[in-house]
Amino acid sequence: MRHMHDEEADKPASGVRTMNSVLSTLRVFEEVAQRQPIGVSELARCTEIPKSTVQRGLMTLQQAGWLKVVDAERARWGVAPRVLALGLRDCGKPDLKEVAGPVIKRLAAETDETVMLAERDGDNLVIVATQHTDQIVRVVLDVGTRIPLLATSGGTAIMARLDESEVEELFTHELPEFAQNPGPDFVALRRDIALTAKRGYALNGSSSWYRPQVSSIGAAITDPAGRPVATITLAIPDMRYTRAQEKTFAPLVVAAAAEVSRLLAEN
């Protein structure tokens with residue numbers, strides 16, 4: 001017969017195991033959010049958590065609606081839209097989606113093209129809101145999609161407002177998830193960044209290494225300190241884009257980004 005004190009001694013041990021399980025699951029979630037798309041083996045390596053524990057954490061987070069399989073063929077995981085739908089933000093800071101929502105909706109109506117709002121997260125932009133055109137042929141990217149700063153007009157707009165040393169640091173980072181792509185031409189990218197800094201917006205043509213046949217115009221959103229924290233991008237199928245549209249659309253994109261920057265400063 002077990003003594004009472006033996007049963008009581010088991011309770012703290014059980015509590016520690018439960019806490020460790022929760023912490024491991026949260027660690028898995030954080031790594032997926034930062035590295036997506038990512039597989040179980042890579043997660044186990046970077047977290048130093050056993051594969052079986054990683055797998056259990058993934059299944060728990062999938063059941064809760066936080067993560068999803070984004071590449072079934074290679075069993076790679078990413079963040080589910082539910083995460084961004086919560087509108088999580090630092091305490092006391094205005095919600096970017098809430099502030100920018102009416103602005104990107106108006107821009108989409110003015111241009112009849114897709115508008116994307118993306119927030120910077122380290123080396124990447126994360127799409128937090130989209131406003132689609134009703135046209136049959138259109139550019140579509142899901143909320144939650146992560147795109148390297150080096151790959152888009154929005155990223156170029158961000159880099160045009162960073163110190164040169166910060167940009168050069170970004171150039172040294174590898175893009176393993178895009179290993180099959182030719183990758184950025186850094187000479188051309190430096191030229192684009194300089195030109196973007198002069199005119200206030202970035203262009204991404206059909207020759208882009210990331211998404212060929214898509215043209216886009218991006219402008220940076222800044223925080224009250226003037227640091228680039230997000231972007232507004234107008235994305236147009238190349239079959240419908242003409243160079244003449246730059247004169248009409250670019251000022252609208254710049255004005256929209258400036259308006260959101262102002263609203264962030266006022267809130």
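Treat the numbers as computed from the prediction; the structure is a model and nothing was measured.
Heavy-atom minimum distance, A100 versus L117: CB-CD2, 3.7 Å. Contact record, L150 with L170: CD1-O, 3.9 Å, taken as the closest heavy-atom pair. Scanning both residues, G200 and A219, for their nearest heavy atoms gives O-CB, 4.1 Å. A pairwise comparison of heavy atoms in V128 and V143 identifies O-CG1, 3.8 Å as the closest pair. Nearest heavy atoms, Y201 versus V254: CB-CG2, 3.7 Å. In terms of heavy atoms, T133 sits closest to R240 at CG2-NH2, 4.5 Å.
With contacts defined as side-chain heavy-atom distances shorter than 4.5 Å, the pair L43/V32 qualifies. For the pair I236/V139, no side-chain contact is recorded, criterion being any heavy-atom separation below 4.5 Å from C-beta on. Taking 4.5 Å as the limit, every side-chain heavy atom of D142 sits out of range of all side-chain heavy atoms of I127. Looking at heavy atoms from C-beta onward, L203 lies out of side-chain contact with S215 at the 4.5 angstrom threshold. For the pair V260 and I232, the minimum side-chain heavy-atom distance is below 4.5 Å. Considering only heavy atoms from C-beta on, H132 comes within 4.5 Å of T114 through its side chain. Residues L263 and E259 have side chains in contact (heavy-atom distance under 4.5 Å, counting atoms from C-beta outward). With contacts defined as side-chain heavy-atom distances shorter than 4.5 Å, the pair L189/M159 qualifies.
Interatomic distance, CD of E113 versus CD of Q131, reported as 13.0 Å (0.5 Å rounding). Annotation: the span from L234 atom CG to E246 atom CD amounts to 11.5 Å, rounded to 0.5 Å. To the nearest 0.5 Å, the span separating OG1 on T196 from CZ on R161 amounts to 10.5 Å. Between the OG1 atom in T172 and the CG atom in D123 there is a gap of 8.5 Å [rounded to 0.5 Å]. Separation of atoms CZ (R76) and OG (S41) is listed at 10.5 Å; rounding is to 0.5 Å. Here E119 contributes atom CD and L96 contributes atom CG; the two are 5.0 Å apart, rounded to the nearest 0.5 Å.
Side-chain heavy atoms closer than 4.5 Å link hydrophobic residues (I, L, V, M, F, W, Y) into clusters, and following such links, possibly through other members, connects F171 to I158. There is no path of hydrophobic side-chain contacts, each under 4.5 Å, that joins V167 to L195.
Under 3.5 Å, the side chains of S216 and S153 contain a donor-acceptor pair of N or O atoms.
Salt-bridge formation is not detected for the pair R190/E164: no Lys NZ or Arg NE/NH1/NH2 atom is positioned less than 4.0 Å from an Asp or Glu carboxylate oxygen.
Annotation: side-chain contact (heavy atoms from CB on, under 4.5 Å) contacts of A225 (sequence neighbours excluded): D223.
A donor-acceptor pair is defined here as one N or O able to donate and one able to accept, closer than 3.5 Å; such a pair exists between the side chain of Q245 and the backbone of T242. Without hydrogens or angle criteria, R56 side chain to L58 main chain gives no donor-acceptor distance under 3.5 Å. Looking at S261, its side chain does come within 3.5 Å of a backbone N or O of T222 through a donor-acceptor pair.
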task: Check the pair V229, R120 against side-chain contact (heavy atoms from CB on, under 4.5 Å), reporting the backbone distance first and the verdict last.
output: CA-CA 5 Å; V229 295; R120 185 186 177 187; 5.7 Å; no
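By the 30° and 60° cut-offs, the orientation of the rings of F29 relative to W66 is perpendicular.
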